Amino acid sequence: MNQHIHCIIKDCHYWQQGNKCTANEILVATDEFGAKYPEEMDAHMAAQLTPESAGNCTTTCCKSFMPNGSNYKTLDGIKKMK
Ligand code: SF4
């Protein structure tokens with residue numbers, strides 16, 4: 001699958017000029033899910049998660065956001081804030 005993910009969150013490690021996401025995979029979830037589960041709950045666990053309904057786009061978030069300069073190491077070797 002040839003996907004292009006566009007994103008305007010410029011302080012994310014995966015963001016690139018032209019508003020492109022360069023992550024190999026991301027996890028999009030409901031805001032409720034994002035607030036409930038820790039940073040470690042991310043795309044690598046997606047197959048195990050139960051799908052949810054969001055209702056509209058204002059209640060979704062990217063769970064793979066990783067602030068530039070953060071200090072927690074993830075499975076792909078990139079550092080993420082704890
Ligand atoms: S990981 Fe999420 S927040 Fe970061 S650039 Fe990609 S889509 Fe945007």
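Atoms within each ligand, like the ligands themselves, are counted from 1 in listed order. Atom set for the values below is all heavy atoms of this structure, side chains included, hydrogens, waters and symmetry mates excluded. Every value quoted in this text rests on a predicted model; they were computed, and no experiment measured them.
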(message) Please enumerate all residues that pass side chain to side chain contact (heavy atoms under 4.5 Å, CB included) together with Ala46, with sequence neighbours excluded.
(response)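 Listed in chain order: Leu27.
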(message) For the CD atom of Gln17 and the OG1 atom of Thr22, what is their distance to the nearest 0.5 Å?
(response)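 Answer rounded to 0.5 Å: 12.0 Å.
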(message) Quick check for you: to the nearest 0.5 Å, what is the distance between Cys12 atom SG and Phe65 atom CZ?
(response) 5.5 Å
(request) Sort by chain and number the protein N/O/S atoms that are closer than 2.8 Å to atom 2 (Fe) of ligand 1, and list them. (result)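 Protein N, O or S atoms closer than 2.8 Å to atom 2 (Fe) of ligand 1: Cys62 SG.
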(message) Tell me whether Glu32 at atom CD has more than 12 heavy atoms from other residues, nucleotides or ligands lying less than 6.0 Å away.
(response) no
(message) When you compare the side chain of Thr60 with that of Thr30, does any pair of heavy atoms fall below 4.5 Å?
(response)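 Counting from C-beta outward, Thr30 and Thr60 never come under 4.5 Å.
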(message) Could you tell me if the side chain of Cys62 sits less than 4.5 Å from the side chain of Ile9, heavy atoms only?
(response) no
